[in-house]
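A quick write-up on the structure given underneath.
Predicted model, so just to flag it, every value in this text is computed and none were measured. Side chains included, hydrogens not; waters and symmetry mates left out as well; all remaining heavy atoms used. Labels below follow one simple rule: chain letters A, B, ... track the order of the sequence lines, proteins then strands, and each chain is numbered from 1.
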There are 2 protein chains.
Amino acid sequence: MASKSKMDGSIGAKNKQKILAAAEKAFATYGFKGTSVQQIADEAELPKTNILYYFKSKQGLYVAMLQDIMSLWNSRFDQVTEDDDPAQSLADYIADKMTMSRTHPQASKIFAMEVLNGAPYLNKFFSNEHVAWMEGRVAILNSWIAQGRMTVVDPLYLLFHIWACTQHYADFSAQITSLRGKTMKRADFDEATRQLVQLILSGCGLTVPEKYLESAK
Amino acid sequence: MASKSKMDGSIGAKNKQKILAAAEKAFATYGFKGTSVQQIADEAELPKTNILYYFKSKQGLYVAMLQDIMSLWNSRFDQVTEDDDPAQSLADYIADKMTMSRTHPQASKIFAMEVLNGAPYLNKFFSNEHVAWMEGRVAILNSWIAQGRMTVVDPLYLLFHIWACTQHYADFSAQITSLRGKTMKRADFDEATRQLVQLILSGCGLTVPEKYLESAK
DNA sequence: CAAAAAAATGACTAAGTGGTCAGGAAATTG
DNA sequence: CAATTTCCTGACCACTTAGTCATTTTTTTG
């Protein structure tokens with residue numbers, strides 16, 4: 001059959017995944033410049049030349065890994081409409097983002113480093129999909145405000161603040177761990193989520209859904 | 001006379017300052033690993049060897065610069081007591097931190113990178129002064145809560161959220177600029193400060209001081 | 001099973017890095 | 001003004017790094 005010659009390559013696809021995972025771990029820990037291809041190779045348990053065989057260059061691997069990561073940035077909030085409940089929608093969005101920080105802290109850190117350095121490889125993404133997404137969400141929030149369903153706030157800044165707080169738990173985990181004297185466990189994330197949902201929703205004049213009211217203390 | 005031999009050295013002190021400023025700019029832009037001593041030398045308009053003359057090593061320069069930066073972390077909030085007004089005190093703290101993000105974005109970025117990388121050079125600071133500072137502030141917030149002057153919130157998380165939001169404007173400026181289509185000017189920071197103060201204070205059941213209510217829109 | 005394609009890899013290279021060192025210039029000081 | 005200390009710098013070195021290349025091994029396929 002005239003199959004696409006290499007196709008998914010099975011073996012190649014598996015190695016690529018292994019390399020991407022190793023790269024994510026290494027880049028998150030040491031940054032782009034601080035990570036050598038050799039380190040990634042060790043982590044992936046493959047010879048260095050093999051890495052360069054699958055990805056043309058260190059930069060190529062980095063960009064591929066960034067794309068991989070950006071696909072995680074989706075959440076239920078993308079599908080929300082102006083007919084949905086503001087309190088429920090925002091609370092769930094915050095909870096989703098907190099879950100991301102707990103389950104994918106490496107991805108969050110890489111994203112943070114990239115933006116810190118001026119987002120050289122994300123500027124295209126920012127000025128396309130990201131701006132469009134933002135406009136859509138801002139429109140919905142403005143609609144909720146116009147309907148008098150929440151306090152008058154600038155939706156842009158509100159979203160900034162939600163991102164800032166949720167990502168903080170992944171990006172600044174070293175500081176948080178030091179100050180708490182212990183790492184954040186699942187239960188701690190749940191408590192932080194409740195605290196944040198209450199802060200933001202109250203700040204927007206919304207009633208906190210029962211689910212996010214304090215349970216165990 | 002038995003003067004302290006070198007003392008401030010005048011000439012040496014001036015060069016050290018020049019080098020520290022150049023290092024701050026370079027490290028903030030390219031990170032520790034991404035910055036070469038040569039780059040700092042170019043920025044400071046001094047030969048590379050001269051940098052190594054004043055600071056024993058690249059790492060030594062980095063640590064000196066970090067200390068320099070950490071001294072900026074002080075604010076009026078350090079002096080607040082339980083007799084002060086919660087709304088006013090918190091609003092001013094938020095405003096102070098926002099001003100820091102506007103006037104010293106490089107310092108904020110360097111701090112962020114350091115923490116992202118596990119805060120190897122700040123762990124000592126975190127577990128000493130920083131923990132003590134935190135305990136003091138938490139006690140005051142708890143006192144306000146006990147007095148019924150603000151909503152029951154966990155002070156620890158509240159402070160995390162204030163830091164997250166305020167620092168976000170420095171650390172993620174690339175993303176913010178892309179999404180807004182223009183950089184944050186002084187007036188934009190003032191508006192963001194108002195938005196944030198209203199969000200946090202409302203979220204804590206506090207009345208927003210008149211100063212932070214919307215003025216021009 | 002032979003031919004072709006894909007995968008693997010050891011040896012090497014060119015560029016850049018942090019840091020040393022010896023020698024000299026400038027400033028300070030008794 | 002001589003001596004001592006501080007300051008300055010070009011030449012150099014050991015080492016790391018990303019990436020190349022020629023060659024071999026493995027897998028796929030007609």
Do any side-chain atoms of residues 45-54 of chain A form donor-acceptor pairs under 3.5 angstrom with protein atoms, and if so which ones, sequence neighbours left out?
{"from": "Tyr54(A)", "atom 1": "OH", "to": "Asn15(A)", "atom 2": "ND2", "distance (Å)": "3.3"}

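- Salt-bridge formation is detected for the pair Asp190(A)/Arg186(A): a Lys NZ or Arg NE/NH1/NH2 atom is positioned less than 4.0 Å from an Asp or Glu carboxylate oxygen.
- In this structure, Ile19(B) atom CD1 and dT9(D) atom C1' are separated by 13 Å, rounded to whole Å.
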Encode nucleotides 11-16 of chain D as B, S and - characters from 5' to 3', where the letter depends on protein heavy atoms closer than 4.0 Å: B to the base, S only to sugar-phosphate, - to neither.
------

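- Partners of Gln17(B) according to the side chain to side chain donor-acceptor pair (under 3.5 Å) rule, which considers only residues two or more places apart in sequence or in another chain, do not exist here.
- For Asn15(B), no side-chain nitrogen or oxygen approaches OP1 or OP2 of dT6(D) to under 4.0 Å.
- In this structure, Phe160(A) and Tyr157(A) have perpendicular ring planes: the angle between them is above 60°, well past the 30° mark.
- Using a 4.0 Å cutoff on non-hydrogen atoms, no part of residues 20-32 of chain A comes near DNA chain C.
- Using a 4.5 Å heavy-atom cutoff, the side chains of Ser178(A) and Val131(B) are not in contact.
- Put simply, NZ on Lys33(B) is 17 Å from P on dG16(C), counting in whole angstrom units.
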How far apart are the C-alpha atoms of Val37(B) and Leu61(B), what are their side-chain angles, what is the distance that settles it, and do they pass the side chain to side chain contact (heavy atoms under 4.5 Å, CB included) test?
CA-CA 10 Å; Val37(B) 179; Leu61(B) 168 55; over 6 Å; no

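- The nearest whole Å value for the distance from the NZ atom in Lys18(B) to the C1' atom in dC7(D) is 14 Å.
- Separating the CD atom of Glu45(A) from the C1' atom of dT9(C) is a distance of 17 Å, rounded to the nearest angstrom.
- Between the Trp144(A) side chain and the Ala87(A) main chain, no donor and acceptor come within less than 3.5 Å of each other.
- Shown for residues 52-61 of chain B: residues whose heavy atoms fall under 4.0 angstrom of DNA chain C, namely Ser57(B), Lys58(B).
- There is a side-chain donor-acceptor pair under 3.5 Å between Gln195(A) and Glu191(A).
- Rounded to whole Å, the distance from CG on Leu46(B) to P on dC8(D) is 8 Å.
- Ser143(B) contributes no side-chain N or O that, together with a main-chain N or O of Glu82(B), makes up a donor-acceptor pair within less than 3.5 Å.
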Using the side chain to side chain contact (heavy atoms under 4.5 Å, CB included) rule, take Phe77(A) and Asp84(A) through it: C-alpha gap first, then chi angles, then the decisive distance, then the call.
CA-CA 10 Å; Phe77(A) 195 62; Asp84(A) 285 311; over 6 Å; no

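- Note: OH (Tyr62(B)) to C1' (dG19(C)) measures 20 Å, nearest angstrom.
- Rounded to an integer number of Å, the gap from Ile51(A) CD1 to dT20(D) P is 15 Å.
- Straight-line distance from the CG atom of Asn50(B) to the P atom of dA26(C): 14 Å, rounded to whole Å.
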Return all side-chain donor-acceptor pairs below 3.5 angstrom for residues 99-122 of chain A, not counting sequence neighbours, or 'none' if the list is empty.
{"from": "Thr99(A)", "atom 1": "OG1", "to": "Ala95(A)", "atom 2": "O", "distance (Å)": "2.9"}
{"from": "Ser101(A)", "atom 1": "OG", "to": "Thr166(A)", "atom 2": "O", "distance (Å)": "2.7"}
{"from": "Thr103(A)", "atom 1": "OG1", "to": "Thr99(A)", "atom 2": "O", "distance (Å)": "2.9"}
{"from": "Ser108(A)", "atom 1": "OG", "to": "Asp171(A)", "atom 2": "OD1", "distance (Å)": "2.8"}
{"from": "Glu114(A)", "atom 1": "OE1", "to": "Tyr62(A)", "atom 2": "OH", "distance (Å)": "2.6"}
{"from": "Glu114(A)", "atom 1": "OE2", "to": "Tyr121(A)", "atom 2": "N", "distance (Å)": "2.8"}
{"from": "Tyr121(A)", "atom 1": "OH", "to": "Gln59(A)", "atom 2": "OE1", "distance (Å)": "3.1"}

